[in-house]
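Below is one structure, written out as structure tokens, with a few remarks after it.
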Amino acid sequence: MVKNKNFWVIAFIAPTVLLFTIIFALPLVTVFVTAFCNYTPFQSPVFAGIDNFKTLFINNSDFWKAISNTTIWILLQTTLSISFGILVALLLYRKPFGWKFVRASYMIPNIIPTAATGLMFYLLQNPDLGIVKSIFVALGKGDLTPNLFGNSSYTFITVTCTWIFYSAFNTILIMSEIGTIPTEVFESAKVDGASRFQVDVFITLPMLRNILTTCVILAAVSMISQFDILYITTKGGPDNTTLNLPIYLFKTANLEMNYGLANAIGVVQIIFGLFLVFSIGKIFKFGQKNE
């Protein structure tokens, strides 16, 4: 009976393991191996030691610009975006008038594919036919319409605004977690004379530590892998103003056709992501019970 049970367990697990190995594990190993090789479409992988990593880290302004932009976006997404999500969650949890409509409306941008979102913002802010052009024409300043995605003075802020306030997923997670807090805790605080603000700051937020850690990790990882909106709106430009690691990897692989160097960028991206995940978990004491 036990042997028969083990057979079915293995039979059900085997396809998953096989797919994981073929689709994820083998390509990941290939990335790490070829990161140490000279590898192009015209040359099979030839071991080159750490030459690709030297190329990245030594006197490579594009790489450091990509690291810098990625880090800034991670900081903005894990602070400003998460804070906005917390604020909306705390407001909606009180169930004010129209809260269901606001919750549904707030979710809509997160339902739209990010590629479509990027295209929508690109068209809306197009200096020739977008809404920005219409506003400046209405003000009699049509000739002064700025190219928000094409001018390095505005591009970074403009592209950041296309996603920074889309925090509905975090809001839903936080609202769900607030719902697990015993109502007696809030009632006791009110009896003791605590204001709503004091309840939120000194009771609710500390008890949300684990779910907030999850939100911060998801936000950080999303910025490390951010690609489609950036590629559609700016392609990392102008003058690398919005260059990040995924865009730099894409350009290295598809424009320069240097697969070895592109995979080295991928290795850096993976290690950077793992470092962030473990660091955030350590800082927030993820998994520990609330005291």
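It should be emphasised that the depicted structure is a prediction, and the values quoted were computed from it without experimental measurement.
- Looking at T214, its side chain does come within 3.5 Å of a backbone N or O of N210 through a donor-acceptor pair.
- Side-chain atoms of L124 and V132, non-hydrogen and from C-beta on, never get closer than 4.5 Å to each other.
- For Y248 and N69, the side-chain atoms include no donor-acceptor pair closer than 3.5 Å.
- Atom CZ of residue F36 and atom CG of residue D51 lie 11.0 Å apart, to the nearest 0.5 angstrom.
- In this structure, the side chains of V102 and L91 stay at 4.5 Å or more apart for every pair of heavy atoms.
- Contact annotation: the side chain of F84 never approaches that of I164 to less than 4.5 Å [non-hydrogen atoms, C-beta and beyond].
- Residues N240 and D62 have side chains that bring a donor and an acceptor to within less than 3.5 angstrom of each other.
- Among all heavy-atom pairs drawn from A89 and I174, the shortest one is CB-CG2, 3.7 Å.
- Following chains of ILVMFWY side-chain contacts shorter than 4.5 Å, one cannot reach Y39 starting from V267, and the two form parts of different hydrophobic clusters.
- In terms of heavy atoms, E256 sits closest to T252 at CB-O, 3.4 Å.
- The shortest distance between side-chain heavy atoms of I265 and K251 does not fall below 4.5 Å.
- With rounding to the nearest 0.5 angstrom, the CG atom of L212 is 11.0 Å from the CD1 atom of I217.
- Closest approach of T180 and E177 over heavy atoms only: OG1-O, 2.5 Å.
- Ion pairing between D239 and K65 fails under the 4.0 Å rule for side-chain N and carboxylate O.
- Residue I82 holds its CD1 atom at 8.0 Å from CG of L218, rounded to the nearest 0.5 Å.
- In this structure, T242 contributes its side chain and P238 its backbone to no donor-acceptor pair below 3.5 Å.
- In terms of hydrophobic clustering, with Ile, Leu, Val, Met, Phe, Trp and Tyr side chains grouped at heavy-atom distances under 4.5 Å, I283 and V277 are assigned to a common cluster.
- No path of Ile, Leu, Val, Met, Phe, Trp and Tyr side chains, each step under 4.5 Å between heavy atoms, connects F197 with L90, placing them in separate hydrophobic clusters.
- Ring orientation note: the planes of F250 and Y231 are nearly perpendicular, at an angle over 60° on the 30°/60° scale.
- Side-chain contact check for V268 versus F53: some heavy-atom pair is nearer than 4.5 Å.
- Heavy-atom neighbours of I131 CD1 from other residues, nucleotides or ligands within 6.0 Å: at or below the threshold of 12.
- The nearest pair of heavy atoms linking G273 to I224 is CA-CD1, 3.4 Å.
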Point to revise | Chi angles and distances behind the side chain to side chain contact (heavy atoms under 4.5 Å, CB included) call for L249, F227 | key: CA-CA 10 Å; L249 189 157; F227 176 81; over 6 Å; no
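- When the shell of 6.0 Å around NZ of K54 is examined, it contains 12 or fewer heavy atoms from other residues, nucleotides or ligands.
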Point to revise | side chain to side chain contact (heavy atoms under 4.5 Å, CB included) between C37 and Y259, worked out | key: CA-CA 9 Å; C37 299; Y259 298 156; over 6 Å; no
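- Taking a 6.0 Å sphere around CD1 of I157, one finds it holds 12 or fewer heavy atoms contributed by other residues, nucleotides or ligands.
- In this structure, Y166 is not a member of the same hydrophobic cluster as M107, with clusters built from ILVMFWY side-chain heavy atoms closer than 4.5 Å.
- A 4.5 Å side-chain heavy-atom check between W73 and W163 finds at least one atom pair inside the cut-off.
- With contacts defined as side-chain heavy-atom distances shorter than 4.5 Å, the pair W64/F57 qualifies.
- For N263 and T34, the side-chain atoms include at least one donor-acceptor pair closer than 3.5 Å.
- Side chains of T55 and F63 form no contact here, defined as non-hydrogen atoms less than 4.5 Å apart.
- Taken together through direct or relayed side-chain contacts under 4.5 Å among Ile, Leu, Val, Met, Phe, Trp and Tyr, L274 and L276 form part of one hydrophobic cluster.
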Exercise for review: Just do the side chain to side chain contact (heavy atoms under 4.5 Å, CB included) check on Q226 and T70 with the steps written out, would you?
Suggested key: CA-CA 9 Å; Q226 181 65 269; T70 301; over 6 Å; no
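- T233 contributes atom OG1, which lies 12.0 Å from atom CE of M120 (distance to the nearest 0.5 angstrom).
- Residue F32 places its CZ atom among more than 12 non-hydrogen atoms of other residues, nucleotides or ligands, all under 6.0 Å distant.
- In terms of heavy-atom proximity, T78 sits nearest to V216 at CG2-O, 3.6 Å.
- Here the CG atom belonging to L173 is positioned 11.0 Å from the CE atom belonging to M175, to the nearest 0.5 angstrom.
- Between A262 and A253, the closest heavy-atom pair is CB-CB, 3.7 Å.
- The number of heavy atoms from other shown groups lying within 6.0 Å of CZ (F169) does not exceed 12.
- The 12-atom threshold is not exceeded at OH of Y122, counting heavy atoms of other residues, nucleotides or ligands nearer than 6.0 Å.
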Check your understanding: Can you list the steps and then say if T234 with T155 is a side chain to side chain donor-acceptor pair (under 3.5 Å)?
Key -> CA-CA 8 Å; T234 67; T155 307; over 6 Å; no
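- The CG atom of L261 sits 12.0 Å away from the OG1 atom of T40 when rounded to the nearest 0.5 Å.
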